[in-house]
Enquirer: 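My structure is below; once you've seen it, I'll send some questions.
In what follows, every chain begins at residue 1, and chains take the letters A, B, ... in the order their sequences are listed.
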There are 2 protein chains.
Amino acid sequence: MKETTLKEIANTLGISITTVSKALKNYPDVSEKTRQAVLDLAKDLHYTPNSFAVNLRTKESKTIGLIIPEVMHHFFSNVINAIIDEAEKNGYLVIILQSNESIELEKKQVELLINKRVDGIIMSLSNESNFDEHIKEIINRKIPFVMFDKISKLANCSKVLIDDQKAAMSATQHLIDKGCKKIAHIRGPLNPQNAIDRYIGYKKTLDKNQIPYDPTLVYTCENVTFQEGLDFAKQIIEEHPDVDGVFAVTDLVAVGVLSYFNDHKIKVPQQVAVIGFSNWFMSQVLTPKLSTVDQPSHEMGVASFHLLLEEMNAHKENIAFAPKTLILETNIIERDSSRKS
Amino acid sequence: MKETTLKEIANTLGISITTVSKALKNYPDVSEKTRQAVLDLAKDLHYTPNSFAVNLRTKESKTIGLIIPEVMHHFFSNVINAIIDEAEKNGYLVIILQSNESIELEKKQVELLINKRVDGIIMSLSNESNFDEHIKEIINRKIPFVMFDKISKLANCSKVLIDDQKAAMSATQHLIDKGCKKIAHIRGPLNPQNAIDRYIGYKKTLDKNQIPYDPTLVYTCENVTFQEGLDFAKQIIEEHPDVDGVFAVTDLVAVGVLSYFNDHKIKVPQQVAVIGFSNWFMSQVLTPKLSTVDQPSHEMGVASFHLLLEEMNAHKENIAFAPKTLILETNIIERDSSRKS
DNA sequence: TTGTATGCGTTATCAT
DNA sequence: ATGATAACGCATACAA
C-alpha cells in the first residue's frame, strides 16, 4: 500500500503540485473544475497529507507532551483523561510520560519531549523536583508550558492549582468542628510544595483554635502509599492513644489508616475521625465512607490544556504571552469517617 | 533561542554538511580531528537533530499509538503504565487515546493515528467494536498492530490475552467449592468477547457441577459500573433471596455489590459469597476484602509492547511477520468475601 | 487561474 | 577523508 502524494495526484491530473496543494486547502484561486478533479482523485486514492513533511514545513507537530509522576494514581488518571480528550477536540495528540517521582527520569523525559519538538508541555513535578535546570530549560526555550498541581513556585510559567493551604485549613477545621481535640497529621514528603502547604494549613488551623502544636503528631510519608497509612495508623495509636482525629495528605494514605483502624476495632469516627484529601473514587465505597477534600481533577486537566493552547497559539503568532495562574476551588466532602455528632 | 542545524555547524567549521552528519553518527570515514571539532561544537551549541526532518527522511517517528476504552480504569492504567515505561526504554514514545467505549470515537482515533504515521498501534477494543472496517484498515495497511484484552477473534494480528473462559470457570468453581449452590452472575455487555467468554465459563462450570442453569440469575451490565453492581445486588436479593454466591464480571461491579450488601446487613460471605475479576487495588482495602481473579495487567502491557516491537522491527527490515497470540495465566485470589468454611 | 522555484533539515549515493 | 547533489513531501512567495 504505497502512500499517495501531492506529486502523484498532480502527475495523473497533468497539473502542478502547487495547484493540487491549493485545491486541497481550499485556496480561493483555483478554478472550481480543477478543484473538483483534485478532490475526487484525492478521495479515490485515499490521499492524506504526510504529517512528517507537514511537521517539517510548518514547524509544528500538533502534539503535546504530558509528564506526571504516576499514571496509576487516581488523581492523575483523571487529569490525563481530561487532557487527552480536550486535546483531541482541539486537534492535538498527547504523548504521556511518567517520572515515577524520580527527578532523573523526569529530566530525561523533558529532554525527550524537547527533542521530539512537541508544541507544548504540561507537567506535574515529581517529589524530588523543584525549579531545576530541566524546568528552566523549557522556559528558556520558550516552549509553551503549563504546570499543574505539583508545581514550582519560582517558575515563571502558567499554573493550574488549588489552594492547598486553604483546603488543608478547611479539612483540619472540619475535624475540630466535629469535636476533635488531638489531631494527627500524616503529611507528604518534605520537598513538594503541596505537601508543605497542606502541613502549613494544618498547623495554622491548630493555632487559630488555640490547640497546641505537637510535632510528634506529624508523621511524614516517603512514598505516600497505602502501606504507610497502615503503618502510621499503628504508630499513632501506640504513641498517642488519645488521638481523636487524623488528617491524611491523600485518600490513599487515609484508606491505609482506615484499614488499620478497622482491623483493630478502633471505631471511626467515634474514637478517631479521619479525613483524606483528593476525593478518590475508592473513598466512597469503603466502610466507613471516607470524608475528604474534593480536588477538581477533571477541571484541572481541562484548564491546563486550555492555558497551554492559548500559549501555543500566541507562540505561533509570535506574540508575547503572559503566564497565568489559575486557582481552582475545593470543597470538604463530609462522609461517615468524620460524621461524629 | 534558534535551533542549531547541521548547516550551522558546517558553516562555522567551514566544512560540508555531509561531513558534519557523518561525524555525528560516527561514520568511520571521518578524520579523528574533524570528528572532534564537530562533536565539540555540537555540544557547545546544544545541537539536537530536528526530529521532523529525521522522520521525513527515515519514514519513522519512533512513536506508537495506544487506544483504550478508559484511561481511568485500574486495569488500563496499569497497562498504560507498563507500555509507556517499556516503550521509553526502547526509544519509543506513546500517544494515548481513549475511545470511551464508543466505536465512532475509536474509528476517528485510528484515523488520527494512521495519519500521524505512528510506527505501530496497540489497542483494546471498545464494547461496541468487533472486526470492523477501521481495524481491517490497520491490518491492510500493514501497520504493526497488537490487540490486548478486548480483542476481535477474527482479526489476523498479534494478541495478548488471558483465557477468560478458563478464568471464569475457576472463579465459579471457587464459589461452588466454598459451598455455594445458587450463584448469580453479573455479566458484561453482550458484545465484547471477554464478557461472552466469562459468561460461558460461568455456565460451563454450572453444568460440570450439575447445577441447573437459570437464565434469570444472569444480570447484564450496560456500562460495567459501580452503580450497576449496587442496583443488581438489590435486584438479586429481591428476585432470588436464596442466592448464596455472586460472580461479577469486574471488581468495580463486585464492589458495588459488596457496598449494597454492607448497607443492607447482608452478610458476606456467610449469606452470599462474592468474587470479582481483575484484582483492582481497591478490592483489597474494602471490608470485606474482595476475592477476585488476578489478571496480569502489567505483564500484558509489557508483552504487548514487545510483540509490537518485534513486528515494527520486521516491518522496517521488510521481512514478513507472523502474528502471535500470547495467553497469560490468571489466578484466583481468595480473600474474605468468599472465605466461607 | 496556474505554475516555478525555493526551503524546511536530514540522510544517502556517488564523486572527488 | 571530504563534499556535491538529490531526495523525502509539502507549503508558499512570487511570476506568468
Side-chain angles (χ1 to χ4, degrees), chain A residues 1-39 41-42 45-63 114-119 141 316-318, chain B residues 1-39 41-42 45-63 91 114-119 316-318:
Chain A
M1 170 99 59
K2 227 182 87 279
E3 308 287 351
T4 316
T5 66
L6 291 184
K7 190 173 168 186
E8 198 177 326
I9 297 181
N11 285 345
T12 50
L13 250 45
I15 59 180
S16 80
I17 294 178
T18 310
T19 308
V20 176
S21 174
K22 283 178 178 168
L24 286 171
K25 311 195 86 194
N26 284 319
Y27 272 54
D29 57 349
V30 178
S31 76
E32 199 42 49
K33 204 178 115 207
T34 48
R35 180 197 319 295
Q36 262 319 320
V38 169
L39 257 42
L41 186 55
L45 300 177
H46 299 105
Y47 171 78
T48 77
N50 180 318
S51 65
F52 298 157
V54 175
N55 292 166
L56 180 59
R57 257 319 299 236
T58 61
K59 297 185 186 310
E60 54 172 9
S61 58
K62 290 288 183 181
T63 304
I114 291 180
N115 290 347
K116 188 81 185 177
R117 282 168 164 74
V118 292
D119 298 342
R141 287 185 181 242
K316 207 160 34 176
E317 310 292 336
N318 229 323
Chain B
M1 170 100 62
K2 227 182 85 280
E3 307 287 351
T4 316
T5 65
L6 290 184
K7 189 172 167 186
E8 197 178 328
I9 297 181
N11 286 346
T12 50
L13 250 44
I15 58 181
S16 80
I17 294 178
T18 310
T19 308
V20 176
S21 176
K22 282 178 178 168
L24 287 170
K25 312 196 88 193
N26 284 318
Y27 273 55
D29 57 350
V30 177
S31 77
E32 197 43 49
K33 206 178 112 204
T34 49
R35 180 198 318 295
Q36 262 318 322
V38 170
L39 258 43
L41 186 56
L45 299 178
H46 299 106
Y47 170 80
T48 77
N50 180 317
S51 65
F52 297 158
V54 176
N55 290 166
L56 180 59
R57 263 314 304 229
T58 61
K59 297 187 184 313
E60 55 172 10
S61 57
K62 289 288 182 181
T63 304
I114 292 180
N115 291 347
K116 188 80 186 175
R117 285 168 162 71
V118 291
D119 298 341
K316 207 161 35 177
E317 310 292 336
N318 229 321

Enquirer: Compare the minimum distances between each of C/dT10, D/dT2, C/dT2 and the side chain of B/I17, then state the nucleotide with the smallest one.
Expert: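 Of the candidates, C/dT10 comes closest.
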
Enquirer: Let me know, please, whether A/L6 or B/R57 comes out on the 5' side of the other along DNA chain D by nearest nucleotide.
Expert: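 So the residue in question is B/R57.
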
Enquirer: From the options D/dG3, C/dT2, D/dT2, select the nucleotide whose nearest atom is closest to the side chain of B/I15.
Expert: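 The listed nucleotide nearest to B/I15's side chain is D/dG3.
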
Enquirer: In whole angstrom, give the distance that lies between atom CG of A/N11 and atom P of D/dC10.
Expert: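 Rounded to whole Å, this separation is 12 Å.
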
Enquirer: For the residue pair A/N50 and A/T5, establish whether any side-chain heavy-atom pair is separated by less than 4.5 Å.
Expert: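 They are not in contact (no side-chain heavy atoms under 4.5 Å apart), so the answer is no.
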
Enquirer: Which nucleotide, D/dG9, C/dT2, C/dT11, lies nearest any side-chain atom of B/K25?
Expert: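 Closest of the options to the side chain of B/K25: C/dT11.
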
Enquirer: Quick one: does any side-chain atom of B/S51 pair with a main-chain N or O of B/V54 as donor and acceptor, under 3.5 Å?
Expert: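 No; zero donor-acceptor contacts below 3.5 Å.
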
Enquirer: Let's test your reading of the model: under 3.5 Å, does the base of D/dG3 pair with the side chain of B/K22 as donor and acceptor?
Expert: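 Result: at least one qualifying N/O pair found.
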
Enquirer: Less than 4.5 Å apart, side chain to side chain, heavy atoms only: is that true for A/L41 and A/V20?
Expert: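 Side chain of A/L41 against side chain of A/V20, heavy atoms only: no contact under 4.5 Å found.
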
Enquirer: Using a heavy-atom cut-off of under 4.0 Å over every strand shown, decide if A/N50 touches base, sugar-phosphate, or nothing.
Expert: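 The residue A/N50 makes sugar-phosphate contact but no base contact.
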
Enquirer: Find the distance B/E8:CD to C/dC8:P and express it as a whole number of Å.
Expert: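 Taking atom P of C/dC8 as the reference, CD of B/E8 is at 12 Å.
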
Enquirer: What I'd like to find out is whether the side chain of B/E8 reaches to under 4.5 Å of the side chain of B/N11, using heavy atoms alone.
Expert: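 A side-chain contact under 4.5 Å is absent here.
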
Enquirer: Are any of A/S31's side-chain N or O atoms less than 4.0 Å away from OP1 or OP2 of C/dT2?
Expert: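 For C/dT2, OP1 or OP2 has a side-chain N or O of A/S31 closer than 4.0 Å.
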
Enquirer: Choose from D/dT12, C/dA12, C/dT10 the nucleotide whose nearest atom is closest to any side-chain atom of B/Y47.
Expert: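 Among the listed nucleotides, the one closest to the side chain of B/Y47 is C/dT10.
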
Enquirer: Whole angstroms only, please: what is the NZ-C1' distance between B/K7 and D/dA4?
Expert: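 The distance from NZ of B/K7 to C1' of D/dA4 comes to 15 Å, rounded to the nearest Å.
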
Enquirer: Just the rounded figure in Å: distance from P of D/dA1 to CG of B/L13.
Expert: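 Taking CG of B/L13 and P of D/dA1, I get 17 Å after rounding.
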
Enquirer: Roughly, in whole Å, what's the span from CG in B/N115 to P in D/dG9?
Expert: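 Spelled out: CG on B/N115 to P on D/dG9 is 15 Å.
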
Enquirer: Any side-chain heavy-atom pair from B/E3 and A/R141 closer than 4.5 angstrom?
Expert: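 Yes, close enough: below the 4.5 Å cut-off.
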
Enquirer: Which of the following nucleotides, C/dG3, C/dT1, D/dG9, is nearest to the side chain of A/T19?
Expert: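 Nucleotide nearest to A/T19's side chain: C/dG3.
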
Enquirer: Rounded to whole angstroms, how far apart are CZ on B/R117 and P on D/dC8?
Expert: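 These atoms are roughly 14 Å apart.
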
Enquirer: Is there a donor in the side chain of A/T63 and an acceptor in the side chain of B/K116, or the other way round, less than 3.5 Å apart?
Expert: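 Side-chain D/A pair, A/T63 to B/K116: present.
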
Enquirer: Would you mind reading off the distance between A/N26 atom CG and D/dA11 atom C1', rounded to a whole angstrom?
Expert: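 Rounded to the whole Å, the gap is 15 Å.
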
Enquirer: If you only use heavy atoms from C-beta on, which nucleotide in C/dT10, D/dA1, C/dG9 is closest to the side chain of A/L56?
Expert: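 For A/L56, the side-chain atoms sit closest to C/dG9.
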
Enquirer: Look at B/T34 and D/dT2 and indicate whether a side-chain polar atom (N or O) is within less than 4.0 Å of OP1 or OP2.
Expert: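 True: B/T34 side-chain N/O within range (under 4.0 Å) of D/dT2 OP1/OP2.
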
Enquirer: For D/dA1, does either OP1 or OP2 sit under 4.0 Å from a side-chain N or O belonging to B/Y27?
Expert: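 Answer no for this pair, as no side-chain N or O of B/Y27 is under 4.0 Å from OP1 or OP2.
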
Enquirer: Any donor-acceptor pair under 3.5 Å between the side chain of B/T18 and the base of D/dA4?
Expert: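 Yes, a donor-acceptor pair under 3.5 Å.
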
Enquirer: Using the side-chain heavy atoms of A/K59, tell me which of these nucleotides is nearest: D/dT2, C/dT2, C/dC8.
Expert: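 Of the candidates, C/dC8 comes closest.
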
Enquirer: What is the separation between atom CG on A/D29 and atom C1' on D/dT12, rounded to the nearest whole Å?
Expert: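 About 11 Å, once rounded to whole Å.
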
Enquirer: Choose from C/dG9, C/dT11, D/dC10 the nucleotide whose nearest atom is closest to any side-chain atom of B/S21.
Expert: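 From the listed options, C/dT11 comes nearest.
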
